[in-house]
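Scroll down for the structure; my scribbles are underneath it.
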Amino acid sequence: QVQLVESGGGLVQAGGSLRLSCAASGRTFSSYTMAWFRQAPGKERDFVTSVNWSGMSTYYADSVKGRFTISRDNAKNMVSLQMNSLKPDDTAVYYCAAVPLRFGMITDPSKYDSWGQGTQVTVSS
């Protein structure tokens with residue numbers, strides 16, 4: 001497992017932008033698929049985006065495609081989520097997640113074994 005800590009959440013108006021960061025500690029970080037999930041009140045935890053071990057392949061939920069960008073810097077043990085053109089429906093707690101697989105296209109939250117504490121993103125209309 002790796003230890004994950006998210007930061008960067010906050011309150012933003014619709015159409016605005018936020019950048020979330022996930023700092024990781026632990027061994028062999030570069031061997032992990034990394035992902036972002038989100039969970040709104042009363043809702044299930046939903047897949048947002050993931051990136052494979054090398055950072056060369058990324059995957060996005062249709063709801064965020066073209067607006068969100070995931071990136072990773074293995075030398076710094078960090079994953080980022082740039083969120084643009086935010087909508088009220090994006091309001092949720094955002095979680096960073098990791099799994100020791102290199103495939104990358106892993107959308108089921110039950111497959112991930114490392115999770116951050118979450119950071120709140122609120123988008124006002």
Side-chain angles (χ1 to χ4, degrees):
Q1 294 184 351
V2 296
Q3 292 72 54
L4 307 173
V5 179
E6 303 98 332
S7 62
L11 175 65
V12 64
Q13 294 183 354
S17 298
L18 283 173
R19 185 177 181 89
L20 307 183
S21 296
C22 175
S25 62
R27 299 177 182 178
T28 63
F29 172 76
S30 62
S31 297
Y32 284 70
T33 288
M34 304 296 297
W36 290 93
F37 289 78
R38 65 187 183 186
Q39 187 168 20
K43 303 292 185 179
E44 297 296 316
R45 190 166 297 189
D46 291 330
F47 173 80
V48 177
T49 180
S50 64
V51 58
N52 79 331
W53 68 276
S54 69
M56 298 300 294
S57 298
T58 57
Y59 309 91
Y60 297 92
D62 288 342
S63 60
V64 306
K65 194 172 298 182
R67 301 188 297 120
F68 290 11
T69 303
I70 188 172
S71 61
R72 70 189 298 165
D73 186 338
N74 289 342
K76 297 181 178 180
N77 289 346
M78 183 172 293
V79 178
S80 297
L81 180 64
Q82 179 66 45
M83 305 185 295
N84 298 326
S85 301
L86 284 162
K87 306 174 181 179
D89 285 348
D90 296 321
T91 295
V93 176
Y94 283 70
Y95 297 91
C96 182
V99 62
L101 298 170
R102 301 189 179 195
F103 183 67
M105 189 177 68
I106 305 170
T107 63
D108 184 352
S110 69
K111 301 297 184 182
Y112 290 83
D113 54 16
S114 298
W115 293 87
Q117 83 287 354
T119 185
Q120 177 71 46
V121 172
T122 303
V123 184
S124 62
S125 60

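We're numbering straight along the sequence, starting at 1.
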Fill in the blank from the handout: Interatomic distance, OG@S21 vs NZ@K76, rounded to 0.5 Å, equals 10.5 Å
Exercise for the section: Kindly write out the residues that satisfy side chain to side chain contact (heavy atoms under 4.5 Å, CB included) with T119, not counting sequence neighbours, or none if the list is empty. Expected result: E6, L20, Y94
Exercise for the section: State plainly whether one hydrophobic cluster holds both V48 and V51, where clusters connect Ile, Leu, Val, Met, Phe, Trp and Tyr through side-chain heavy atoms under 4.5 angstrom apart. Expected result: yes
Exercise for the section: Measure the spacing between NZ of K87 and OG of S63 and express it to the nearest 0.5 Å. Expected result: 8.0 Å
Practice task
Step by step, work out the side chain to side chain contact (heavy atoms under 4.5 Å, CB included) result for Q82 and S71.
Solution key: CA-CA 8 Å; Q82 179 66 45; S71 61; over 6 Å; no
Practice task
Please report the closest heavy-atom contact between S50 and T33, naming both atoms and the distance.
Solution key: CB-CG2, 4.4 Å
Practice task
Quick one: which residue pairs count as a ring pair (Phe, Tyr, Trp, His ring centres under 6.0 Å) with a foot in residues 97-125, not counting sequence neighbours?
Solution key: F37-Y112, F37-W115
Exercise for the section: Under the side chain to side chain contact (heavy atoms under 4.5 Å, CB included) rule, what do W36 and V79 come out as? Steps first, then yes or no, please. Expected result: CA-CA 9 Å; W36 290 93; V79 178; 3.7 Å; yes
Practice task
Verify the cluster assignment for F47 and I70: are they in a single hydrophobic cluster under the rule of side-chain heavy atoms below 4.5 Å apart?
Solution key: no
Handout entry: CD-OG distance between Q13 and S125, expressed to the nearest 0.5 angstrom
Key = 9.5 Å
Fill in the blank from the handout: salt bridge (Lys or Arg N to Asp or Glu O under 4.0 Å) filter on R38, not counting sequence neighbours, yields D90
Completion exercise
Rounded to the nearest 0.5 Å, the CE atom of M78 sits from the CG atom of D73 at a distance of 8.0 Å
Completion exercise
Note: I106 and V99 closest approach over all heavy atoms is CD1-CG1, 3.8 Å
Exercise for the section: Identify whether Y95 and L18 are in the same connected component of the hydrophobic contact network (ILVMFWY, side-chain heavy atoms under 4.5 Å). Expected result: no
Practice task
Using modelled atom types only, decide if a donor and an acceptor are shared between the side chain of T122 and the backbone of L11 within a distance under 3.5 Å.
Solution key: no
Problem - ring pair (Phe, Tyr, Trp, His ring centres under 6.0 Å) partners of Y60, counting only residues at least two apart - result: none
Handout entry: Short side-chain to backbone donor-acceptor contact, R72 and G55, under 3.5 Å
Key = no
Completion exercise
Across all chains, not counting sequence neighbours, the salt bridge (Lys or Arg N to Asp or Glu O under 4.0 Å) partners of D108 are none
Practice task
For K65, check salt bridge (Lys or Arg N to Asp or Glu O under 4.0 Å) against everything at least two apart and list the hits.
Solution key: D62
Exercise for the section: Enter the distance from L101:CG to N52:CG here, rounded to the nearest 0.5 Å. Expected result: 11.5 Å
Problem - Gap between atom CG of L4 and atom OG of S114 - 0.5 Å precision - result: 5.5 Å
Problem - T91 side-chain N/O to V123 backbone N/O, donor-acceptor pair under 3.5 Å - result: yes
Exercise for the section: Provide the closest heavy-atom pair for M34 versus A98 in the form atom of the first, atom of the second, distance. Expected result: SD-CB, 3.4 Å
Problem - Side-chain donor/acceptor of T49 to backbone N/O of Y59, under 3.5 Å - result: yes
Handout entry: S31 side chain to P100 backbone, donor-acceptor under 3.5 Å
Key = no
